[in-house]
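Everything on this sheet refers to the single structure shown next.
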Amino acid sequence: MIIYGEEINSRLLLGTAQYPSPVILSAAIKSSGTDIITVSLRRETADGSGAGFWDLFKNTGCKILPNTAGCHSVQEAVTTAHMARELFETDWIKLEVIGNSDTLQPDVFGLVEAARILNADGFKVFPYTTDDLVVGEKLVEAGCELLMPWGAPIGSGQGLRNPDALRTMRAYFPDIPLIVDAGIGRPSDATLAMELGVDAILLNTAVAKAGDPTEMARAMALAVEAGRAGYNADPMERRDMAVPSTPVLGMAELL
């Protein structure tokens, strides 16, 4: 998988919030096999624990993808992105502009505006968006080279609320990397998304809040791999009626 000119080996991207402890977080990252971890600037600067977490992240060897989590306006998101670039020394940014405090649904109007500003400023933008084709087009026109449609509201664990929309999005943007971001709750959700042809999965809560985050991280990695392999294998079409798997021609006739 190529993202902004860089080859990525793992199709699972992992968030780093809400884990029971730094030790468990580190173990989950390792178990997932991820190449990319998302990090919130807000946590890094909110208290004295930021330096410790930063050392942990660097020691994983993963690519850091800062995010603008919690931003509700274009100005707030753009300012946070610039601060993240200085702190983490990367031009990658996961762009979130939240429009609704209950559903955490993206403000797609602000998202497109912020994406246009940040792309013009030299950022490589990973936009957290809905599965709306028009919004996707506007983001691509604004300079985004990938799209991150939601599967369901952030942290809900509802899986894919609209698989048909993601399938349509894949057909509509055949050459744009699609990363399902938000809503994945179980390994089966990740497999289904990958079978639809998306390129990767970004998740956090499903692993962080599992009874055993390390084992869930491994399960999600296997699920993503299985789903991708299934998609590449070109699965059989669903049928309305049964079709015998054993040939009927040449079978013995009992008289």
Side-chain angles (χ1 to χ4, degrees), residues 1 3 8 10-15 32 34 36 38 67 94-100 102-108 111-112 126-140 144-210 216-243:
M1 180 172 64
I3 296 180
I8 307 299
S10 173
R11 294 178 182 270
L12 175 63
L13 288 67
L14 195 64
S32 73
T34 186
I36 301 173
T38 64
N67 65 51
K94 178 190 170 188
L95 179 61
E96 297 183 26
V97 182
I98 301 302
N100 185 283
D102 293 325
T103 65
L104 301 182
Q105 180 171 334
D107 170 2
V108 295
L111 178 67
V112 172
F126 292 62
Y128 165 60
T129 182
T130 64
D131 50 26
D132 186 281
L133 297 181
V134 176
V135 177
E137 275 193 322
K138 296 298 183 183
L139 288 167
V140 172
C144 297
E145 296 184 14
L146 60 81
L147 299 171
M148 301 181 69
W150 67 348
I154 294 173
S156 68
Q158 295 178 14
L160 305 184
R161 298 177 91 183
N162 196 346
D164 287 339
L166 291 173
R167 187 181 290 109
T168 301
M169 205 169 193
R170 173 72 292 167
Y172 197 80
F173 298 104
D175 301 320
I176 299 293
L178 298 180
I179 302 175
V180 169
D181 178 15
I184 300 296
R186 288 173 167 76
S188 55
D189 300 331
T191 299
L192 174 58
M194 296 301 295
E195 287 179 344
L196 295 176
V198 304
D199 295 279
I201 303 291
L202 193 160
L203 54 84
N204 187 161
T205 310
V207 171
K209 292 300 184 180
M216 183 58 77
R218 187 177 77 88
M220 288 295 186
L222 293 172
V224 167
E225 184 178 350
R228 183 65 181 182
Y231 173 74
N232 287 336
D234 191 14
M236 63 175 284
E237 296 294 329
R238 294 182 183 271
R239 297 165 174 167
D240 294 331
M241 299 179 64
V243 177

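Sorted by first and then second residue, the side chain to side chain donor-acceptor pair (under 3.5 Å) pairs involving residues 220-233 (not counting sequence neighbours) form an empty list. Within the structure, the salt bridge (charged side-chain N to carboxylate O under 4.0 Å, His left out) test picks out the following pairs touching residues 178-189 (sequence neighbours left out): K94-D181.
P153 and T103 get closest at one heavy-atom pair: CB-O, 3.5 Å. Nearest approach of G159 to A152, heavy atoms of both residues: O-CB, 3.3 Å. Pairing each heavy atom of D102 with each of N100, the nearest pair is N-OD1, 2.8 Å. The nearest pair of heavy atoms linking G183 to S156 is CA-OG, 4.1 Å. For T130 against P106, the heavy-atom pair with the smallest separation is CG2-CD, 4.0 Å.
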*What's the verdict on side chain to side chain contact (heavy atoms under 4.5 Å, CB included) for L13 and L203, showing C-alpha distance, side-chain angles and the deciding distance?*
CA-CA 7 Å; L13 288 67; L203 54 84; over 6 Å; no

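Here the NZ atom belonging to K138 is positioned 13.5 Å from the CG atom belonging to L111, to the nearest 0.5 angstrom. Expressed to the nearest 0.5 Å, how far CG of L14 lies from OG1 of T38 amounts to 7.0 Å. Rounded to the nearest 0.5 angstrom, L202 CG and L12 CG are separated by 8.0 Å. The structure places CG of D107 at 10.5 Å from OG1 of T129, a figure rounded to the nearest 0.5 Å. Rounding to the nearest 0.5 Å places OG1 of T34 at 9.0 Å from CD1 of I8. We find the CE-CD1 distance between M220 and I201 to be 9.0 Å, quoted to the nearest 0.5 Å.
A219 pairs by the side chain to side chain contact (heavy atoms under 4.5 Å, CB included) definition with P187, M216, not counting sequence neighbours. With sequence neighbours left out, the side chain to side chain contact (heavy atoms under 4.5 Å, CB included) criterion links A182 to Y128, W150, I154. The side chain to side chain contact (heavy atoms under 4.5 Å, CB included) test applied to R239 returns M236, V243, not counting sequence neighbours.
When side chains are defined from C-beta on, P127 counts as touching L147, because their heavy atoms get closer than 4.5 Å.
Put simply, the side chain of S32 never gets that close to the backbone of A217: no donor and acceptor are under 3.5 Å apart.
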Ignoring hydrogens and angles, write down the donor-acceptor pairs under 3.5 Å from the side chains of residues 163-179, residues two or more places apart or on other chains.
from : atom 1 : to   : atom 2 : distance (Å)
D164 : OD1    : R167 : NH1    : 2.6
T168 : OG1    : D164 : O      : 2.9
R170 : NH1    : G197 : O      : 3.0
R170 : NH1    : D199 : OD2    : 2.7
R170 : NH2    : F173 : O      : 2.6
R170 : NH2    : I176 : O      : 2.7
Y172 : OH     : E137 : OE2    : 2.8

